[in-house]
Chemist: 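Mind looking over this structure? Questions follow.
When reading the values below, keep in mind they use all heavy atoms of this one structure, side chains included, and skip hydrogens, waters and symmetry mates. Lettering of chains follows the sequences in order, A, B, ..., and the numbering in each one begins at 1.
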Amino acid sequence: MLNAEYYPVKIEKKWVEFWDKNKTYKTPNESDKPKYYALSMFPYPSGKLHMGHVRNYTITDVIARFKKANGYNVLHPMGWDSFGMPAENAAIQHGANPKTWTLDNIDYMKKQLKMLGLSVDWDREVATCKEEYYKWTQWLFIQLYKKGLAYKKEAPVNWCEECATVLANEQVIDGKCWRCDSTVTKKNLQQWFLKITDYAEVLLDDLEKLTGWGDNVKTMQANWIGKSYGTILKFKVKENENLEIPVFTTRPDTSYGITYLVVAPEYKDIEKLTTPENKEKVEAYRENAKRMSEIDRLSTERVKTGVPLGTHIINPFTGRVCPIWVADYAIADYGTGAVMAVPAHDSRDFDFAKKYNLPIIQVINNEGYDPNKVFEEEGYLVNSGEFDGMNNEEAKKKITEFAEKNGFGHSKVQFRLRDWLISRQRYWGAPIPVVYCEKCGCQPVPDKDLPVKLPTDVDFSVQGKSPILTSKTFLETTCPVCGGKATRESDTMDTFICSSWYYLRYADAKNDNAPFDKKLVNKWLPVDQYVGGIEHAILHLLYSRFFTKALRDIGLLDFDEPFSNLLTQGMVLKDGSKMSKSKGNTVDPDEIFATYGADTARLFIISDSPPARDFDWSDAGVEGCYKFLCRVYRLYSKYQDKIKLDYKLPASLTKKDEALVREVNLGIKKITQDIENEFQFNTVVSKYREITNSIYEYIRDESDINYEVLSFALLSLLKLISPVAVFMSEEIYQTLGGSGSIHNLDWPKCDETKLEQNNITLVVQVNGKIRDKIETTTGKTNEELTELAVNSEKTKPFISGKTIVKTIVVPNKIVNLVVK
RNA sequence: GCCCUGGUGGUGAAAUCGGUAGACACGUUGGACUUAAAAUCCAAUGAGGCUAAUACCCUCGUGCCGGUUCAAGUCCGGCCCAGGGCACCA
């Protein structure tokens, strides 16, 4: 028996246990059905779920359940991105063990996810911090190393003092650490890198294949990869014939206007280029630039400064001798680290030339040229010898060709993307599996010795260095090649490595012999629908694409893009701003589950806004959704004795029956379409409400109810709402005597023949303005409809005394009379 | 500066192809039920005008200006604003 009223908390607890015990959501690898892989970005086990998680996982879960009901074998897994700083900080601040802290959090959050009612196959759960997972992270690193895609070098790297570790370029946001928001400085260090730049071209080109991704994400990635076409020009140094300075430029057409050259403070040949009398000044300048924080250095507000080196280059086009300066507006690791300066046609060069009184030579002319301002527009060449008069786009090609012919230049494609710095001087990550032997150098750890386990004898309280270095057992080891003394690498990997392949592991999560079976991974991947936050538009999504391509080239899998369709869900807001602890506007999912139940939370979080847009949480909105579920529930409890699971719609229906049958079929059609089309759950929910309203209208006159029709309506609604109200629908279905789980039933089909309608509203327009609405029947000819329109009393005043010059008829909808 | 996304009632929003703008809700107001309240059910609700009237009718209305069309939230051209991304990238 169903209760008279809806008590979600009791119901939900019961079904969580039932589904767990019966493994209702177990996904077999073998199936006759087509596969569908629905994936949420896995959570960091920070302690508790927040509403962003609830939104993310509810969206994916509704999709997974919908696809399952539509005949797919659905893979819907979940796991934990469980390495990273917060666990280590907890260890430092509260003396906790990072492992215990993390595993406890996973336990708690897993319970919450189950309470949320996700249709997850928990047998495939992964946690990146577990040995059976990071063993394979290490193994994959070694494959990349063997392929030449992982290398170690000394480089100026981004250093976060607060986290006492280096950061990848992608993790520096506005010159600040992505995690702790403190200022990032530069430091020269020996670090491990992954050669993502080898894939720059294909990562950019393949964005075109990703038709199921939003343009916003694709352009963000394209901008980040930053391809530009230009020219390398090489300049001879007047004072030193053995030296040559190459520059990268996108404006070779302005080469005749070069008046000086700039090198970055970190430029490799800078000492050789400095004359003794300038040495002191240059050194001081470089020291200062080094100390400057990334933010100050990159600020576009800051006035550019520099000092001359005392040496000169010769412009090969003009023979002009131009001074070489060091200036911090040149970047060491982009292009060649040296820039040719054309003050007339580059705003940075222009400002610099004005400040230091360097000459300005115009070489591009066009309307609007003003010698007192920089001119960066298109034009034709002047003061450029044989190229005078040429259109500047044309001149880019011709001048590059000229340089190439004469041996001082060539065209060049330049990317902004840098190699991915993956070393972290932290404890809670996967150790980089290499050892250093005095004789044999850097050697990868052999497969049989994996995983390289994290040591437990560490002191987390040390400052300024990795806690791993305090271990007495970790560092010393033997060389796998010669058996001699060797030292382990003490850096761990960036956690983004762990999350760059987890979606592959779900295909074969328990494999002890390989990260995954190739057949299984090729069967399940690519992911059909990936759902997660926009904040990963560059970091995680770019890294994962790179990993997939690299692993394909290594031969571990056969596809080249991991995620066919990507849905980036909007943020959850409260009172107009993002929910955050510091603002104090968070809503705890546990409290919502306890008061209203997870079904209400699920319904509400998909109801008001389309998934991609930001969603404003309101207490009144939750209340409204709860009331709606109560309203739905009451229908079933009231008619539980009358509902027939094996109903049969009568052959002939009364008008009232027909209207309800039509409304339900229309609902089936619309809901199905809206889910398939961009997952417009907000309109799906409004259709649930419309169907419910229609059923209430139907039962208002209790003396006139056909229970076959009512059963049809109620059971259709129950299945339609089941992907959202997962607990309530199960409770009702099984209490009514349904066999098995409602979540294994097929999706209802729309009976198109029941959509036909006899009565229509004909809209009559005169010159496009609505003048009348006439109730009539379908099947009238255009002439008959026009007749109705012309004879309408309301229309007459607008056409009398005028001639109808044209009549447009949209069958069964509109007649528009054009009058003059 | 460049790129992306968006702009519709008091609020969240809807509107497959250009064809009844504001579905469905939240809120508000009124009514029914009740000793009363809550809950529930029913109804009204873009703005302005006309009016005794919340009836009928008229005008205006999807950021702004213009265009195409019998007909524009939707298509085209030019702007404005908000949010996000990138940025001394040569």
Side-chain angles (χ1 to χ4, degrees), chain A residues 5 173-174 214-224 226-228 230-231 247-251 254 262 264 297-304 327-331 333-342 346-349 351-352 376 414-418 534-535 537-538 568 570-571 607-610 612-625 627-628 630-631 634 670 673-674 677 680 682-690 692-693 696-697 700 761-773 794 797 804-810 813-819:
Chain A
E5 289 299 322
I173 316 289
D174 292 334
D215 283 341
N216 52 343
V217 178
K218 285 194 278 187
T219 32
M220 273 192 236
Q221 291 213 357
N223 288 342
W224 188 261
K227 185 178 188 176
S228 54
T231 304
V247 304
F248 172 74
T249 179
T250 54
R251 293 297 304 274
T254 62
V262 172
R297 174 90 186 259
L298 295 180
S299 164
T300 43
E301 305 297 306
R302 196 172 59 82
V303 180
K304 302 159 190 34
D328 50 19
Y329 77 93
I331 303 165
D333 54 358
Y334 181 78
T336 64
V339 188
M340 64 182 222
V342 185
D346 180 286
S347 59
R348 292 154 303 181
D349 299 344
D351 294 345
F352 196 82
E376 291 176 309
Q414 180 71 42
F415 290 96
R416 212 187 65 101
L417 184 70
R418 318 289 162 82
I534 186 75
E535 66 274 17
I538 297 171
T568 48
M571 288 186 297
S607 66
D608 263 7
S609 299
R613 241 187 274 179
D614 285 350
F615 173 81
D616 210 345
W617 183 277
S618 78
D619 297 334
V622 188
E623 189 71 34
C625 284
K627 283 182 187 170
F628 171 67
C630 292
R631 183 170 148 91
R634 274 197 303 274
K670 179 83 164 76
Q673 276 174 356
D674 284 354
N677 176 30
Q680 293 177 43
N682 51 330
T683 53
V684 169
V685 173
S686 72
K687 206 70 205 175
Y688 292 155
R689 292 176 184 274
E690 285 182 58
T692 308
N693 290 344
Y696 266 94
E697 204 180 307
R700 204 177 307 163
T761 307
L762 181 73
V763 173
V764 182
Q765 297 181 335
V766 178
N767 288 345
K769 282 197 194 295
I770 296 158
R771 296 304 176 189
D772 197 9
K773 294 176 188 180
K794 286 181 185 169
I804 298 171
V805 291
K806 202 174 171 186
T807 307
I808 288 117
V809 181
V810 182
K813 256 191 178 162
I814 286 172
V815 174
N816 188 9
L817 305 168
V818 186
V819 298

Chemist: For atom C1', what is the distance between B:G67 and B:C86, given to the nearest Å?
Modeler: 35 Å
Chemist: With both distances under 3.5 angstrom, what nucleotide forms a Watson-Crick or G-U wobble pair with B:C88?
Modeler: none
Chemist: Looking at the side chain of A:Asn693, which of B:A14, B:C24, B:C88 is the nearest nucleotide?
Modeler: B:C24
Chemist: If the C1' atom of B:A23 is compared with that of B:C33, how far apart are they to the nearest Å?
Modeler: 30 Å
Chemist: Could you pick out which residue, A:Asn223 or A:Arg634, lies toward the 5' side of RNA chain B when each is mapped onto its nearest nucleotide?
Modeler: A:Arg634
Chemist: Checking all strands, does A:Ile770 fall into the base, sugar-phosphate, or nothing category for heavy-atom contacts under 4.0 angstrom?
Modeler: sugar-phosphate
Chemist: Base, sugar-phosphate, or nothing for A:Val818, non-hydrogen atoms under 4.0 angstrom?
Modeler: sugar-phosphate
Chemist: Take atom C1' in B:U8 and the same atom in B:G46, then report the distance between them in whole Å.
Modeler: 10 Å
Chemist: Ignoring hydrogens and geometry beyond distance, is the side chain of A:Gln765 in donor-acceptor contact with the base of B:U20 at under 3.5 Å?
Modeler: no
Chemist: Among B:C70, B:A23, B:A39, which is the nearest nucleotide to the side chain of A:Asn816?
Modeler: B:C70
Chemist: Are the side chain of A:Asn767 and the backbone N or O of A:Val819 linked by a donor-acceptor pair below 3.5 Å?
Modeler: yes
Chemist: What nucleotide, of B:C70, B:A23, B:C89, holds the atom closest to the side chain of A:Ile808?
Modeler: B:C70
Chemist: State whether the distance check finds a donor on one side and an acceptor on the other, under 3.5 Å, for side chain A:Arg348 versus base B:C89.
Modeler: no
Chemist: Measure from the side chain of A:Asp328, starting at C-beta and using heavy atoms only, and say which of B:A13, B:A39, B:C88 lies closest.
Modeler: B:C88
Chemist: Please determine whether a side-chain nitrogen or oxygen atom of A:Arg613 lies at a distance below 4.0 Å from atom OP1 or OP2 of B:A14.
Modeler: yes
Chemist: In whole Å, measure the gap between the P atoms of B:A21 and B:G73 for me.
Modeler: 8 Å
Chemist: In terms of side-chain heavy atoms of A:Ile814, which of B:G19, B:U59, B:C4 is nearest?
Modeler: B:G19
Chemist: Base, sugar-phosphate, or nothing: which does A:Lys218 touch, judged by heavy atoms less than 4.0 Å apart?
Modeler: nothing
Chemist: Any heavy-atom pair between the side chains of A:Arg416 and A:Lys227 that's under 4.5 Å?
Modeler: no
Chemist: Which nucleotide in the set B:C41, B:C3, B:C24 lies at the smallest distance from any side-chain heavy atom of A:Thr219?
Modeler: B:C3
Chemist: Scan every strand shown for a Watson-Crick or G-U wobble partner of B:C57, both distances under 3.5 Å, and answer none if you come up empty.
Modeler: B:G49
Chemist: Just checking A:Lys813: base, sugar-phosphate only, or nothing, at a heavy-atom cut-off of under 4.0 Å?
Modeler: sugar-phosphate
Chemist: Is a side-chain N or O of A:Glu376 found less than 3.5 angstrom from the main chain of A:Ser347, in a donor-acceptor match?
Modeler: yes
Chemist: I need the CZ-P distance between A:Phe615 and B:U11, as an integer number of Å.
Modeler: 18 Å
Chemist: Quick one: A:Ile331 CD1 to B:C86 P, roughly how many Å, whole number?
Modeler: 15 Å
Chemist: Take the protein atom NZ of A:Lys670 and the nucleotide atom C1' of B:A14, then report the distance between them rounded to whole Å.
Modeler: 8 Å
Chemist: Quick check: does any side chain N or O of A:Gln221 sit under 3.5 Å from a backbone N or O of A:Ala537, one acting as donor and the other as acceptor?
Modeler: yes
Chemist: Nearest whole Å is fine: how far is B:A15 C1' from A:Lys687 NZ?
Modeler: 12 Å
Chemist: Could you measure between the two P atoms, the one in B:G66 and the one in B:A72, and give it in whole Å?
Modeler: 15 Å
Chemist: Is there, by distance only and without an angle test, a donor paired with an acceptor across the side chain of A:Asn216 and the base of B:C4 below 3.5 Å?
Modeler: no
Chemist: Measure from the side-chain heavy atoms of A:Arg416 and tell me the nearest of B:C88, B:C89, B:C4.
Modeler: B:C89
Chemist: Without swapping roles, check the side chain of A:Asp614 against the backbone of A:Met571 for a donor-acceptor pair under 3.5 Å.
Modeler: yes
Chemist: Where does B:C60 land, syn or anti, given syn is within 90° of 0?
Modeler: anti
Chemist: For a quick check, tell me whether the side chain of A:Lys806 and the base of B:C70 share a donor-acceptor pair closer than 3.5 Å.
Modeler: no
Chemist: Please report the distance separating the P of B:A15 from the corresponding atom of B:G1, rounded so that it comes out in whole Å.
Modeler: 35 Å
Chemist: With a 4.0 Å cutoff (strictly under), does any side-chain N or O of A:Ser618 reach OP1 or OP2 of B:C26?
Modeler: no
Chemist: Go ahead and name the base partner of B:A37; Watson-Crick or wobble counts if both distances stay under 3.5 Å, otherwise write none.
Modeler: none
Chemist: Which nucleotide, if any, forms a Watson-Crick or G-U wobble pair with B:C17, using both distances under 3.5 Å?
Modeler: none
Chemist: Please tell me which of the listed nucleotides, B:A15, B:A23, B:A90, lies nearest to the side chain of A:Gln680?
Modeler: B:A15
Chemist: Ignoring hydrogens and geometry, is there a side-chain-to-backbone donor-acceptor pair from A:Tyr329 to A:Phe352 under 3.5 Å?
Modeler: no
Chemist: Heavy-atom nearest nucleotide on RNA chain B for A:Ala620 versus A:Asp608: which residue maps closer to 5'?
Modeler: A:Asp608
Chemist: Can you tell me if A:Arg631 touches the phosphate of B:C41, counting only side-chain N or O atoms and a distance under 4.0 Å to OP1 or OP2?
Modeler: yes
Chemist: Mind telling me whether B:G9 is syn or anti, cutoff 90° either side of 0?
Modeler: syn
Chemist: For B:U8, which nucleotide in any strand shown is its Watson-Crick or wobble partner with both distances under 3.5 Å?
Modeler: none
Chemist: Is the backbone of A:Gln680 close enough, under 3.5 Å, to the side chain of A:Asp674 for a donor and an acceptor to pair up by distance?
Modeler: no
Chemist: Taking pairing as Watson-Crick or G-U wobble with both contacts under 3.5 Å, can you name the mate of B:U28, or confirm there isn't one?
Modeler: B:A44
Chemist: Grab the CE-C1' distance between A:Met220 and B:A87 for me, whole Å please.
Modeler: 15 Å
Chemist: Expressed as a whole number of Å, how far does the P atom of B:U69 sit from that of B:A13?
Modeler: 35 Å
Chemist: For atom P, what is the distance between B:C41 and B:C24, given to the nearest Å?
Modeler: 15 Å
Chemist: Is there side-chain contact between A:Asp333 and A:Arg418, with at least one heavy-atom pair below 4.5 Å?
Modeler: yes
